[in-house]
Number of protein chains: 2
Amino acid sequence: MVDALAQLTFAIQGVLGRIAAAHDLSIIQARLLGILRDRRPTINGLAEFLQLDKSSVTGLVDRAQDRGLVKRTASTLDRRSVQVSITASGRELIDRVTVAFEAEIEVLVADLSPAQRTRLSAMASTMAIADARSRGVDIAAARPASANRVPRAGHH
Amino acid sequence: MVDALAQLTFAIQGVLGRIAAAHDLSIIQARLLGILRDRRPTINGLAEFLQLDKSSVTGLVDRAQDRGLVKRTASTLDRRSVQVSITASGRELIDRVTVAFEAEIEVLVADLSPAQRTRLSAMASTMAIADARSRGVDIAAARPASANRVPRAGHH
DNA sequence: TATTGTTATACTCTATAACTATA
DNA sequence: TATAGTTATAGAGTATAACAATA
């Protein structure tokens, strides 16, 4: 099991990496844009999402901003913080990457039956949630439309 | 499906990264040691396994060698090439990482039934093989001990 | 000529520590 | 004092191009 999952992970990362590179992006830059599709987090918020130090995020956002993919906006509530958002150009790029990624994943699951795919999808979600929970993060609350999970007490 | 798989991939990479870091390794260094557990590839061979440029592998092996985790041996057949192998110390380290990784994955699959785990494992393998095939690599032939590859016509 | 591996170089990604400007 | 973000710095990881040794 462990071996199979590790292999799968590397395979998917490889696919993602190749597609991102074909669009002149690294995996982490693609991830950044993906997060910003439906959120306007602060630098600290991004650091938490990505599990990176805030100084790493500063650099990440700097490079994306230099390319016109994201922008910083001063927060009106707390003048120390900024809000990071995606630009039209960034959104267009990540949308193209997503389409390509979906097509490639389609190749990987080609040998699975429709029923297997459904089950795989469900299991993957279950595991991602278990991971988030084990780190004390409530991933469900950060979802887009609907996806509202059962309200949970608190963290820790 | 795509989203769930991506989430799962990042979750597993996160787990791997944290465990590797706890043992003073990066993911790629852990992968390198994992590959060397039952193989003695050339630099070019490693580059193919890892899908990296050979110059990247030179640096990777340099750093691992500096730490006494791997070693280079001159090939007797082709004096241009070297064989990279794991040291006792490297093997001990990757074994410890593997044990810790297995324990963490156990947490992630905790919410899955035994039957689901079996199916997940099988599907993960299927997908990893599909990926290898899509890249023209025969992962199955590259397995353990004396995996004497059946002489094959051509690569490409 | 072609291939194996290294070197030189440049860039991205990352963390730690020190700093600034707010709060 | 504490927090949000940046800067300075250092190191790993990666690719491209040029190179030496060998085939």
Side-chain angles (χ1 to χ4, degrees), chain A residues 10 13-14 16-35 40-67 69-85 93, chain B residues 10 13-14 16-35 40-67 69-85 154-156:
Chain A
F10 292 136
Q13 287 279 310
L16 229 189
R18 267 177 281 132
I19 292 172
H23 292 79
D24 258 301
L25 287 176
S26 63
I27 288 182
I28 188 68
Q29 289 284 346
R31 238 185 125 186
L32 171 65
L33 296 185
I35 287 172
R40 305 175 97 253
T42 62
I43 295 286
N44 263 339
L46 278 172
E48 197 177 330
F49 265 121
L50 298 168
Q51 295 275 292
L52 292 175
D53 186 86
K54 58 187 177 164
S55 68
S56 302
V57 176
T58 291
L60 221 47
V61 171
D62 280 349
R63 290 183 292 273
Q65 193 170 28
D66 287 348
R67 293 177 57 184
L69 304 175
V70 309
K71 67 171 189 292
R72 285 175 167 92
T73 309
S75 166
T76 46
L77 298 174
D78 184 336
R79 276 155 53 204
R80 289 172 304 182
S81 68
V82 299
Q83 282 189 300
V84 183
S85 54
L93 180 56
Chain B
F10 291 136
Q13 288 278 311
L16 229 190
R18 269 177 277 132
I19 291 172
H23 291 81
D24 259 299
L25 286 176
S26 62
I27 289 182
I28 188 67
Q29 287 284 346
R31 241 185 122 186
L32 171 65
L33 297 184
I35 286 172
R40 306 175 96 255
T42 62
I43 294 286
N44 262 340
L46 278 172
E48 197 177 332
F49 265 121
L50 297 169
Q51 295 277 290
L52 292 176
D53 187 85
K54 57 189 176 163
S55 69
S56 303
V57 175
T58 292
L60 219 50
V61 170
D62 280 349
R63 289 185 291 275
Q65 192 170 29
D66 287 348
R67 294 176 57 183
L69 302 176
V70 309
K71 66 173 191 290
R72 285 175 166 91
T73 310
S75 166
T76 47
L77 298 175
D78 184 336
R79 274 154 55 205
R80 288 173 303 182
S81 68
V82 299
Q83 282 187 301
V84 182
S85 54
H155 297 244
H156 324 285

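Quantities reported herein were computed from a predicted structural model and do not represent experimental measurements. Chain A is the first sequence line, chain B the second, and so forth, proteins listed ahead of strands; every chain is numbered from 1.
Separating the CD1 atom of B:Ile28 from the C1' atom of C:dT14 is a distance of 16 Å, rounded to the nearest angstrom. C:dC13 atom P lies 18 Å from atom CG of B:Leu60, rounded to whole Å. Whole-Å rounding puts the A:Leu46 CG to C:dC13 P distance at 14 Å. When the C1' atom of C:dG5 is taken as reference, atom NZ of B:Lys54 falls 6 Å away, rounded to whole Å. For B:Arg72 and C:dG5, the CZ to P distance is 9 Å, given to the nearest whole Å. In this structure, A:Arg79 atom CZ and C:dT22 atom P are separated by 6 Å, rounded to whole Å. Following rounding to the nearest Å, A:Asp53 (CG) and C:dT12 (P) show an atom-to-atom distance of 19 Å. In this entry the distance linking CZ of A:Arg67 with P of C:dT12 reads 9 Å, nearest Å.
Residue A:Ala64 comes nearest to A:Gln29 through the heavy atom pair CB-OE1, 3.4 Å, listed as atom of the first residue, atom of the second, then distance. Heavy atoms only, all atoms of each residue included: A:Arg40 and A:Gln83 are closest at NH1-OE1, 3.2 Å. Taking both residues in full, the closest heavy atoms of B:Ala20 and B:Ile27 are given as CB-N, 4.4 Å, listed atom of the first, atom of the second, then distance. The minimum heavy-atom distance linking A:Arg31 with A:Phe49 is given by the pair NH2-O, 4.1 Å. Across all their heavy atoms, A:Leu33 and A:Leu93 have their closest contact at CD1-CD2, 4.4 Å. A pairwise comparison of heavy atoms in B:Arg67 and B:Leu25 identifies NH1-CD2, 3.9 Å as the closest pair.
B:Val57 comes within contact range of no nucleotide atom at all, as no heavy-atom separation falls under 4.0 Å. Residue contacts for A:Ser56: at a heavy-atom cut-off of 4.0 Å it reaches a base atom on one of the strands shown. The residue B:Ser75 sits apart from the nucleic acid: no heavy atom pair falls under 4.0 Å.
Comparing A:Arg80 and A:Leu52 along DNA chain C, the residue whose closest nucleotide (by nearest heavy atom) sits nearer the 5' end is A:Leu52. Comparing A:Ile27 and B:Asn44 by the nucleotide of DNA chain C that holds the closest heavy atom to each, the one mapping nearer the 5' end is B:Asn44.
Phosphate proximity of C:dT14 to A:Gln51: absent, as no side-chain N or O sits under 4.0 Å from OP1 or OP2. OP1 and OP2 of C:dT12 both lie 4.0 Å or more from every side-chain N or O belonging to A:Ser26.
A distance of 11.5 Å separates CG of B:Asp53 from CD1 of B:Ile43, quoted to the nearest 0.5 Å.
If you check distances only, the side chain of B:Ser81 never reaches the base of C:dT3 with a donor-acceptor pair under 3.5 Å.
Where DNA chain D meets chain A (any atom under 4.0 Å from a heavy atom), the bounding nucleotides read 5' to 3' are D:dA2 to D:dT7.
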